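Just below is one structure, and these are the notes that go with it.
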Number of protein chains: 2
Amino acid sequence: MANMEKEYNLSKNQQIVFDIIEKSSEPVKAYSILFNVKKKGIKAPPQVYRALEKLIKLGKIHKVESKNAFVACKSSNCEVSKATAFSICEICEKVTEIANNKLSNFLNSFEDKSGMKYKKYNLEFFGLCKKCKKT
Amino acid sequence: MANMEKEYNLSKNQQIVFDIIEKSSEPVKAYSILFNVKKKGIKAPPQVYRALEKLIKLGKIHKVESKNAFVACKSSNCEVSKATAFSICEICEKVTEIANNKLSNFLNSFEDKSGMKYKKYNLEFFGLCKKCKKT
DNA sequence: AACACTATGTAATAATATAACGTTTGAAAG
DNA sequence: CTTTCAAACGTTATATTATTACATAGTGTT
């Protein structure tokens, strides 16, 4: 019920692309999406990239810049994407979105030397996940 | 004098590529570098990418992921690149490396819910620079 | 000299992303 | 309901970014 309206105003292609990303347990690349939606009638890169662009604007997905790949936003009703943080394992490449108030509060209120504040940021942490640390 | 040894052990191609990046006031793209070093005998992408890879490892340059472009490290004798933060203007696209102890201390000691710490991060802030804010 | 390691040169191609067009659709205003 | 406008769509072509693969050359060590 809570997320009934979540995908309300997505267009056909946007919904198809979003479904692929949301179902994946790992970041999905644009051309992987393209390959997977050929059967649904999406045939060319611009169709995928346009959907991605819109989904990012809506905050429904994020781009993991260091991987050129896309993940669904897990934060509860993240309406508009402006502040993202990810944890990335350097071995298994697992990517997890970090939702941490202390972190986001700190970054949202960060001021540089010139007193400039930022309304938007993207942070990518690299390290070893639990599994990979053990081995 | 202080930076006499800075570029000591760079190979020929590494030095050529580094010079281009260091002289630029803005992030430089790989193919822009390639174009600019044709006259110096570097003719093919792998030559540039290999130099870039090495320079990143050495901490002499950083990649600005959201722009697929490279900047020289301005931090004083940054031997190895592991923690980077940039300020990016959304209008004029000016990129500045942020050197801020409060920020780096916070991020270096950050622990996520699972107690995981990270040895490396990349942070990109987006906003309007002073100039662009005025207009 | 033999070895390992790093760097180089080169051709080909893979992977990621956008430009440019014209058409269709769907919601809002008259 | 039909005009209008913006968003979304379909398609072709192309631009941009990055890597694979393989052969050669330099550099330092033992």
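Not measured: the values here are computed from a predicted model. Chain letters run A, B, ... following the sequence lines, proteins first and then strands; every chain starts at 1.
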Table please: side-chain donor-acceptor pairs of residues 31-49 of chain B below 3.5 Å, with sequence neighbours left out.
unit_1: B:N36; atom_1: ND2; unit_2: B:S32; atom_2: O; d: 2.7
unit_1: B:Q47; atom_1: OE1; unit_2: B:K43; atom_2: N; d: 2.8
unit_1: B:Q47; atom_1: OE1; unit_2: B:A44; atom_2: N; d: 2.9

Would you be so kind as to tabulate the donor-acceptor pairs closer than 3.5 Å made by side chains of residues 104-116 of chain A, with sequence neighbours excluded?
unit_1: A:S104; atom_1: OG; unit_2: A:N100; atom_2: O; d: 3.2
unit_1: A:S104; atom_1: OG; unit_2: A:N101; atom_2: O; d: 3.2
unit_1: A:N105; atom_1: ND2; unit_2: A:N101; atom_2: O; d: 3.2
unit_1: A:N108; atom_1: ND2; unit_2: A:S104; atom_2: O; d: 3.0
unit_1: A:S109; atom_1: OG; unit_2: A:N105; atom_2: O; d: 2.8
unit_1: A:S109; atom_1: OG; unit_2: A:F106; atom_2: O; d: 3.3
unit_1: A:D112; atom_1: OD1; unit_2: A:S114; atom_2: N; d: 2.9
unit_1: A:D112; atom_1: OD1; unit_2: A:S114; atom_2: OG; d: 2.8
unit_1: A:D112; atom_1: OD1; unit_2: A:G115; atom_2: N; d: 3.2
unit_1: A:D112; atom_1: OD1; unit_2: A:M116; atom_2: N; d: 3.0
unit_1: A:D112; atom_1: OD2; unit_2: A:Y118; atom_2: OH; d: 2.6
unit_1: A:K113; atom_1: NZ; unit_2: B:A99; atom_2: O; d: 3.4

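Centre separation under 5.5 Å together with a plane angle under 30° holds for the ring of A:Y31 and the six-membered base ring of C:dT16, marking them as stacked.
B:K131 NZ to B:C89 SG: the interatomic distance, rounded to the nearest 0.5 Å, is 10.0 Å.
Note on A:K67: every side-chain N or O is 4.0 Å or more away from OP1 and OP2 of C:dT16. In this model, the phosphate group of C:dA15 is not approached by any side-chain N or O of A:K29 to a distance below 4.0 Å at OP1 or OP2. Between B:N68 and D:dT16 there is no side-chain polar atom (N or O) within less than 4.0 angstrom of OP1 or OP2.
Straight-line distance from the CG atom of A:L34 to the C1' atom of C:dA17: 12 Å, rounded to whole Å. The separation between A:Q15 atom CD and D:dA8 atom C1' is 15 Å, rounded to whole Å. For A:F35 and C:dT16, the CZ to P distance is 14 Å, given to the nearest whole Å. Atom OH in A:Y49 sits about 12 Å away from atom C1' in D:dA15, given to the nearest Å. Taking atom CG of residue A:L55 and atom P of nucleotide D:dC9, one finds them 10 Å apart after rounding to whole Å. As a whole-Å value, the separation of A:K38 NZ from D:dG10 C1' is 14 Å. Atom C1' of nucleotide D:dT17 and atom CD1 of B:I33 are separated by 12 Å, given to the nearest angstrom. Rounded to an integer number of Å, the gap from A:E65 CD to C:dT16 P is 13 Å.
With sequence neighbours excluded, no residue forms a side-chain hydrogen bond (donor to acceptor under 3.5 Å, both in side chains) with B:K117. The side-chain hydrogen bond (donor to acceptor under 3.5 Å, both in side chains) test applied to B:E53 returns no partner, not counting sequence neighbours. Taking A:K119 as the reference, B:E90 meet the side-chain hydrogen bond (donor to acceptor under 3.5 Å, both in side chains) condition, with sequence neighbours excluded. For B:K63, there are no salt bridge (Lys or Arg N to Asp or Glu O under 4.0 Å) partners at least two apart in sequence or on another chain. Evaluation of the side-chain hydrogen bond (donor to acceptor under 3.5 Å, both in side chains) rule for B:S24 yields no partner, not counting sequence neighbours.
Without hydrogens or angle criteria, B:E124 side chain to B:V64 main chain gives no donor-acceptor distance under 3.5 Å.
Between the axis at the start and the axis at the end of the helix from C:dA1-D:dT30 to C:dG30-D:dC1 there is an angle of 30°, using five pairs per end and rounding to 10 degrees.
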Strictly under 3.5 Å: I want the nitrogen or oxygen pairs between protein and nucleotides 6-12 of chain C, one per line.
unit_1: C:dA7; atom_1: OP1; unit_2: B:Q14; atom_2: NE2; d: 3.3
unit_1: C:dA7; atom_1: OP1; unit_2: B:K54; atom_2: NZ; d: 2.6
unit_1: C:dA7; atom_1: O3'; unit_2: B:S11; atom_2: OG; d: 3.3
unit_1: C:dT8; atom_1: OP1; unit_2: B:S11; atom_2: OG; d: 2.9
unit_1: C:dT8; atom_1: OP1; unit_2: B:N13; atom_2: N; d: 3.0
unit_1: C:dG9; atom_1: OP1; unit_2: B:K12; atom_2: NZ; d: 3.4
unit_1: C:dG9; atom_1: OP2; unit_2: B:N13; atom_2: ND2; d: 3.0
unit_1: C:dG9; atom_1: OP2; unit_2: B:Q47; atom_2: NE2; d: 2.5
unit_1: C:dG9; atom_1: O5'; unit_2: B:Q47; atom_2: NE2; d: 3.3
unit_1: C:dG9; atom_1: N7; unit_2: B:R50; atom_2: NH2; d: 2.6
unit_1: C:dG9; atom_1: O6; unit_2: B:R50; atom_2: NH1; d: 3.0
unit_1: C:dT10; atom_1: OP2; unit_2: B:K43; atom_2: NZ; d: 3.4

